[in-house]
Structure formats: C-alpha cells, structure tokens
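For ligands, and for the atoms within them, numbers begin at 1 and follow the listed sequence.
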Amino acid sequence: MIQFINVTKIYGELRALDNISFSIASGEMVFLVGPSGAGKSTILRLLYREEKPTSGQVFVSNVDVSRLPNGQTPILRRRMGIIFQDFKLLPNKTSFENIAYPLFAIGMDNAEIKRRVHGALKVVSLSNKANDFPKNLSGGEQQRVGTARAIVQGPSLIIADEPTGNLDPNTSMEIFQLLEKINQKGTTVLIATHNQQMVDQMKKRVITMSNGKITSDIKSGSYHAV
Ligand SMILES: Nc1ncnc2c1ncn2[C@@H]1O[C@H](COP(=O)(O)OP(=O)(O)O)[C@@H](O)[C@H]1O
Ligand SMILES: [Mg+2]
C-alpha cells in the first residue's frame, strides 16, 4: 500500500527526512510517533503529495506519487482520506454538508451523495447531528465529522496527522477506537501522534522517528520516548 525508498527531504539546510525506507501493507494500522520536529508530518505530506521528496521514491498503491504530474493529485487524494488535528471543517456548513463536500466536488448525483453521507454519519455515530454546524459540536464530534468526510469516498488509505492533538484523553481514545473500527473493515490507517498513552493501549505497529530517521519499527509495539 505504502512504500518509501531512500527518501530524503531537505528544507534549506535542514534534513527533515534522512534516507528513510519503510513499507506498510494493505490493511495495516500503524502509528508514527516521535518528538516534535522528528519528520512525522513530512512523511504524511509526501504521501498526499503536498510536498515532493528531495530524493527517493514514495509509492502509494504502486504509483510513484513523487513523480505524479500535478494534474493527477486530485485523483490520488480521492483514494485517500486525510484527517487533520484542527479538523478543517467549513464553519458555515452543517455536518452533512461538510461530509458531502468532496462528493459534490466530483459531481456525484444527489441521491448517491445522500446515501453515502448518511452511511458515513452512521459509522461515526453522528446521525443525530447531521444538521448541526461545527460551532455547536464538541471537539470530539467535530473530529468524527472530519473522520466521516475522510471515509465518505471509500478510500483504501486513511492518513491522520495528530488527530487527537486538540482533544482530551477520553475523547482521544474514542477517535482511536473509531479509526480501529474503520481499519478492521479493511482500510489501511496511518496515524502520526504524540499520544503515548493511547498508542501503548492500542498494541498496533509503531514506527518511531527522531531527527528525520526511523529509530524503531515494532510490530505490536508501544511508544518509545527518545
Ligand atoms: N515547509 C517547511 N519549511 C522549512 N522547514 C520545515 C518545513 N516543514 C517542516 N519543516 C521542518 O522539518 C522538520 C520536520 O517537521 P515535521 O515533519 O513537521 O515534524 P513533526 O510532524 O514530527 O513534528 C522540522 O524541523 C520542521 O521545522
Ligand atoms: Mg507534525
């Protein structure tokens, strides 16, 4: 599903990623951990093609996204769902409209949009908040809307960058469990997080980074402070 081959990313003088190689198989749920500045977000930005590597290759489903023409980026992103720390919901749109937004953007017909959005709302247990605006939702509920928007196109890969960074511990656990449920239905999930306690509880594969390098990669691991 994901393969990094000798990937280096340099910003000015700084090696944000230093000759990184790893792969993630289809169906895995993986945590990417490490201190602030380790390079976690850079890995994710290379995956959704927000950035290109300075050298090396980044494969998503056998496509080298580092060589993908700009015009193909939207097609790549349709096959992945992205979840952000700050939710990135449109404030003047309801939950339903926020989740429907990517479907409108690709010109899907209204009946199909309705069916898909209600399906996604059900997965995140927010059917009763379909018509609420973000400002009337709790942080956890907003992130569940963000998660519904990420899954609504049926992506094969979910990428989450500090999805619980703005949430309290109980709410964070709910979000991780929701992502685990989505993973159990077959979607590959990659989560960058600082949340040591949660990662320890989840017992999934943990890739630890420090200074642009991978320092450990453990199958059913826990967070290793470095
Ligand atoms: N656009 C950028 N320009 C310059 N430096 C950047 C940029 N993005 C990230 N960096 C630097 O790259 C390093 C890795 O950043 P990042 O991947 O965001 O780390 P993390 O997500 O693990 O906190 C940091 O030192 C950061 O300051
Ligand atoms: Mg980050």
### Message
If we ignore hydrogens and angles and just use 3.5 Å, is the side chain of Lys52 paired with the main-chain N or O of Arg49 as donor and acceptor?
### Response
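Looks like no, no N/O pair under 3.5 Å.
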
[X] neighbourhood, listing ligand 1 atoms whose heavy-atom distance to it stays under 4.0 Å:
| X | answer |
| --- | --- |
| Pro35 | 22 (O) |
| Thr42 | 14 (C), 15 (O), 16 (P), 17 (O) |
| Ala16 | 12 (O), 13 (C) |
| Ala38 | 19 (O), 20 (P), 22 (O) |

Heavy-atom nearest neighbour in the protein, as seen from [atom], with distance rounded to 0.1 Å:
| atom | result |
| --- | --- |
| atom 18 (O) of ligand 1 | Ser41 CB, 3.6 Å |
| atom 23 (O) of ligand 1 | Gly37 N, 2.7 Å |
| atom 19 (O) of ligand 1 | Gly39 N, 3.2 Å |
| atom 1 (N) of ligand 1 | Tyr11 CE2, 3.6 Å |

Run the salt-bridge test on [X] and [Y] with the 4.0 Å N-O cut-off and return the result as yes or no.
| X | Y | answer |
| --- | --- | --- |
| Arg144 | Glu141 | no |
| Lys204 | Glu28 | no |
| Asp161 | Lys40 | no |
| Glu50 | Arg77 | yes |

### Task
With heavy atoms under 4.0 Å as the rule, classify the contact between Leu14 and ligand 1 as side chain, backbone, both or neither.
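Under 4.0 Å from ligand 1, Leu14 contributes side-chain atoms alone.
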
### Query
Using heavy atoms and a threshold below 4.0 Å, how should the contact between Arg45 and ligand 1 be classified: side chain, backbone, both, or neither?
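Side chain only.
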
Atom [atom1] of [X] with >12 non-hydrogen neighbours under 6.0 angstrom:
| X | atom1 | value |
| --- | --- | --- |
| Asn62 | CG | no |
| Tyr101 | OH | no |
| Asp18 | CG | yes |

### Query
Does any N, O or S atom of Ser41, backbone or side chain, fall under 2.8 Å from the Mg ion (ligand 2)?
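Looking at Ser41, which is the residue asked about, there is an N, O or S atom under 2.8 Å from the Mg ion (ligand 2).
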
### Query
So, Asn98 and Ser95: side-chain donor and acceptor under 3.5 Å apart, yes or no?
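Result is no, nothing qualifies.
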
#### Entry: Close approach, Gly34 and ligand 1, non-hydrogen under 4.0 angstrom
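The answer is no: ligand 1 sits nowhere under 4.0 Å from a heavy atom of Gly34.
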
### Query
Looking at atom 27 (O) of ligand 1, is any protein heavy atom nearer than 4.0 Å to it?
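Flag for atom 27 (O) of ligand 1 set to false, no protein heavy atom closer than 4.0 Å.
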
